[in-house]
**Q** 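Before we start, here is the structure in question, set down as structure tokens.
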Amino acid sequence: MRASAYPLVDAGLAASRVLELVPVLPGEDVPLAEAAGRVLVDDLVASSPLPPFRSSAVDGYAIRAADAGLRLPVVGESAAGRPFQGELPAASAATVLTGGVVPAGADTVVMVEEVEGGDGWIVAPAGFPAGRNFHKPGDDLRPGDLVLRRGLPLGAAELGLAAAVGRARMRVHRRPRVALMSTGDELVEVGEEPGPGQIVDSNRWALLAALNEAGAEVTLLGVAPDQPGPLRELVLQALAAHDALVTSGGVSVGTHDLVKPLLESLGEVHVGRVKLKPGKPFTFATLPDGRVAFGLPGFPVSSLITFEVFVRPALRKMQGYAALQRPALPVRLGYDARAPGDRTEYQRVTLSREGADLVARSTGSQSSSRLASLTGANALVRVPAGDDGIPAGTLVEALILSLPA
Ligand code: AMP
Ligand code: MG
């Protein structure tokens with residue numbers, strides 16, 4: 001082992017540094033079917049009213065309110081998509097169906113349940129007011145109204161609204177193209193029987209899922225050996241077509257740890273060690289042409305925690321999201337939390353509802369190789385370094401991964 005040349009930086013400072021340095025990706029036009037979960041680049045403004053015409057809210061009869069109480073002949077019908085032609089004559093009614101145009105001349109709609117008659121004529125209740133049971137043009141949106149603001153993530157309702165105002169395509173931030181690579185001569189493919197000293201490459205599958213959840217388009221590069229030449233080749237090829245490189249393993253200070261020197265030779269390493277447990281060897285570099293590289297530690301929990309703390313917020317910034325972090329909620333500690341030493345610890349906890357509280361309990365051994373400490377976790381509790389710790393019963397802010405049922 002040799003000493004690392006990199007200063008041990010505060011985890012919060014390292015996270016801000018990463019966020020400063022990652023770019024927001026430019027926009028691209030996509031069809032609505034591909035726009036869900038993406039962030040809008042430009043304001044969307046209505047160019048025509050919604051609804052576009054006087055549209056009946058019920059099945060009933062369009063009349064003049066002045067004719068209510070009179071026996072009125074039913075002179076025609078206005079169904080959705082098949083309007084009544086011309087103006088409704090005085091002292092008459094037209095059948096209107098939900099979504100049908102209220103004919104010119106009529107000023108109110110009476111629900112079918114409220115009229116008497118049938119068979120070619122109706123009587124609406126005397127005194128029935130004008131202006132009932134139909135939507136007016138522009139009730140929902142008028143021309144010039146702001147429909148969707150730039151920076152808004154597009155969900156089901158937003159996409160429905162975009163379609164309603166006639167937009168078939170949307171300009172949204174590009175998704176980051178990420179090349180994912182595991183490193184290590186000890187790694188074998190899942191499904192293969194590990195030989196002596198070998199382990200299965202599990203980080204690839206964990207990080208692939210995490211990257212997809214964060215909105216990235218992922219290319220799997222497989223496993224790079226612990227040899228500088230082949231590793232460099234693989235990385236150079238990948239960078240040609242990607243915005244970011246994510247590696248796992250090969251960032252600690254052993255002689256086989258080749259990722260940091262490689263990134264140094266390709267660009268600039270800004271973070272090489274952090275006061276974070278697990279995840280001390282986390283490495284971040286900027287590369288030519290606005291590309292970035294994240295060197296995650298090899299231990300499975302360390303790779304996922306550093307993904308949560310550094311990579312996920314960065315990928316969200318790249319996609320234009322304003323909210324970069326997981327939601328934080330106050331939770332009551334159900335155990336004495338301590339992080340002896342000099343590194344902030346992200347402890348994995350389960351949450352349960354107890355009265356008005358969410359109570360956090362440790363998932364057990366917090367060893368960085370024990371993935372089970374993360375599999376059932378609902379949240380991460382940030383425990384500051386030092387011997388004092390946080391006593392059970394304290395309310396702390398936790399980063400919520402999922403809420404308990
Ligand atoms: P390293 O940072 O390369 O020294 O890796 C530290 C440890 O993490 C290794 O000894 C392995 O036990 C584990 N590890 C590294 N890469 C992976 C991987 N892709 N999947 C699962 N475990 C890994
Ligand atoms: Mg290794």
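Numbering of ligands and ligand atoms starts at 1, following listing order. Here the structure is a predicted model, which is why all the values come from computation and not from measurement.
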**Q** Would you verify whether the NZ or CZ of Arg316 falls within 45 degrees of the ring axis of Tyr321 while also being under 6.0 Å from that six-membered ring's centre?
**A**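 Ring-cation test returns yes.
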**Q** Sequence neighbours excluded, which residues qualify as salt bridge (charged side-chain N to carboxylate O under 4.0 Å, His left out) partners of Asp29?
**A**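 Result, salt bridge (charged side-chain N to carboxylate O under 4.0 Å, His left out) vs Asp29: Arg171.
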**Q** Quick one: does Asp201's side chain have a donor or acceptor within less than 3.5 Å of a partner on Glu189's backbone?
**A**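 Absent.
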**Q** More than 12 non-hydrogen atoms from neighbouring residues, nucleotides or ligands closer than 6.0 Å to NZ on Lys317, yes or no?
**A**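 Correct, the count exceeds 12.
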**Q** Can you name the residues that come within less than 4.0 Å of ligand 1, going by heavy atoms only?
**A**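 Shell around ligand 1 (4.0 Å, heavy atoms): Ser182, Glu186, Leu187, Ile199, Val200, Asp201, Ser202, Asn203, Ser248, Gly249, Gly250, Ser252, Asp257, Gly298, Phe299, Pro300.
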**Q** Which pairs count as side chain to side chain donor-acceptor pair (under 3.5 Å) when at least one residue sits in residues 115-144, sequence neighbours excluded?
**A**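 Residue pairs with at least one partner in residues 115-144: there are none.
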**Q** Just list the side-chain donor-acceptor pairs under 3.5 Å for residues 293-308, sequence neighbours left out, or say none.
**A**
{"from": "Ser303", "atom 1": "OG", "to": "Pro300", "atom 2": "O", "distance (Å)": "2.9"}
{"from": "Thr306", "atom 1": "OG1", "to": "Ser302", "atom 2": "O", "distance (Å)": "2.7"}
{"from": "Thr306", "atom 1": "OG1", "to": "Ser303", "atom 2": "O", "distance (Å)": "3.1"}
{"from": "Glu308", "atom 1": "OE1", "to": "Arg326", "atom 2": "NE", "distance (Å)": "3.0"}
{"from": "Glu308", "atom 1": "OE2", "to": "Arg326", "atom 2": "NH2", "distance (Å)": "2.8"}

